[in-house]
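Read through the structure below, which is laid out as structure tokens, and then see the notes.
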Amino acid sequence: ETGVTQTPRHLVMGMTNKKSLKCEQHLGHNAMYWYKQSAKKPLELMFVYNFKEQTENNSVPSRFSPECPNSSHLFLHLHTLQPEDSALYLCASSIGTDSPLHFGNGTRLTVT
Amino acid sequence: AQSVTQLDSQVPVFEEAPVELRCNYSSSVSVYLFWYVQYPNQGLQLLLKYLSGSTLVKGINGFEAEFNKSQTSFHLRKPSVHISDTAEYFCAVLGGGGADGLTFGKGTHLIIQP
């Protein structure tokens, strides 16, 4: 148990589908993150929220849309994805943006 | 800007042998340094961190790392590895008070051979 819970663990979707990834933490952390992990590439930071405000959007395509309704929950809404978007999507949280990250187990996304 | 280089993409080691995983970083500001481990089908777990103070830091599972500012390195070591240490290991740097976010290396796959 990492303290950061991601659902679903696995997701297969077509390019025309709309789906959402969910992340939840009850560690009392104020910052939450979405990372993309693709094979043979470094982890890519996608979005950062600090106290529910988005502070980082790392040139992510608009087909990925984050939502942070409160400090404990983070969503990643997906629509019209491409096969190259298939990857492991990791959520993380931290006390502040200068603190170590705690990761969830990720959602393995496959786009067909 | 900051960057992390993990020169070895894969390191095979026999069980009970020592291991060193190399990490070099570059940053124009003071940094915090981390090692994370990722077991199959799981997220990343913090192994150890260097924030300040002693340059030799000890982490979980018997791992330790030494911060060397002059060589801009933060190599990870374990004196005797176990089969269960087979995993992907990531070095990461956090600089600028967190303004630049956490930057990860590409990872090193540690393979323990019986």
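Chain letters run A, B, ... following the sequence lines, proteins first, then strands; residues in each count from 1.
If you measure heavy-atom distances from A/Ser99 to chain B, the contacts under 4.5 Å come from the backbone alone. Of the atoms belonging to B/Phe90, it is side-chain heavy atoms, and not backbone ones, that fall under 4.5 Å from chain A. Of the two parts of B/Gln45, neither the backbone nor the side chain holds a non-hydrogen atom closer than 4.5 Å to a non-hydrogen atom of chain A.
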Discussion item. Applying side chain to side chain contact (heavy atoms under 4.5 Å, CB included) to B/Leu44 and A/Leu101, what does each step give before you reach the verdict?
Written reply: CA-CA 9 Å; B/Leu44 277 69; A/Leu101 272 58; over 6 Å; no
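The cluster map of Ile, Leu, Val, Met, Phe, Trp and Tyr, joined by side-chain heavy atoms under 4.5 Å apart, puts B/Ile111 and B/Val19 in different clusters. Connection of A/Phe64 to A/Leu43 is not established within any shared hydrophobic cluster, with ILVMFWY side chains joined at heavy-atom distances below 4.5 Å, either directly or through further cluster members. Clustering ILVMFWY residues whenever any of their side-chain heavy atoms sit less than 4.5 angstrom apart, transitively, puts A/Leu45 in a cluster other than the one holding A/Leu21. Under the 4.5 Å side-chain contact rule for hydrophobic residues, A/Leu11 and A/Leu76 share a cluster. Residue A/Phe75 is not grouped with residue A/Val111 when hydrophobic side chains (ILVMFWY) are merged at heavy-atom distances under 4.5 angstrom, including chains of intermediate members.
Within residues 29-39 of chain A, the residues having any heavy atom less than 4.5 Å from a heavy atom of chain B are, in residue-number order, A/Tyr35, A/Gln37. Close approach to chain A, defined as a heavy atom under 4.5 Å from one of its heavy atoms, is seen in B/Lys49 of residues 48-66 of chain B, taken by number. Listed in order of number, the residues of residues 88-96 of chain A that approach chain B to under 4.5 Å between heavy atoms are A/Leu88, A/Leu90.
Between A/Pro42 and B/Phe104 the shortest heavy-atom distance is CB-O, 3.9 Å. Across all their heavy atoms, B/Gly43 and A/Asn105 have their closest contact at N-OD1, 3.2 Å.
Residue pairs meeting the salt bridge (charged side-chain N to carboxylate O under 4.0 Å, His left out) criterion with at least one member in residues 19-39 of chain B, sequence neighbours excluded, are B/Asp8-B/Arg22, B/Glu20-B/Arg77.
Around CD of B/Glu16, the count of heavy atoms belonging to other residues, nucleotides or ligands within 6.0 Å does not exceed 12.
Remark: B/Gln42 CD to A/Phe103 CZ distance equals 13.5 Å, nearest 0.5 Å. Here B/Leu102 contributes atom CG and A/Thr97 contributes atom OG1; the two are 11.0 Å apart, rounded to the nearest 0.5 Å.
Between the side chain of A/Arg108 and the backbone N or O of B/Asn41, no donor-acceptor pair lies under 3.5 Å.
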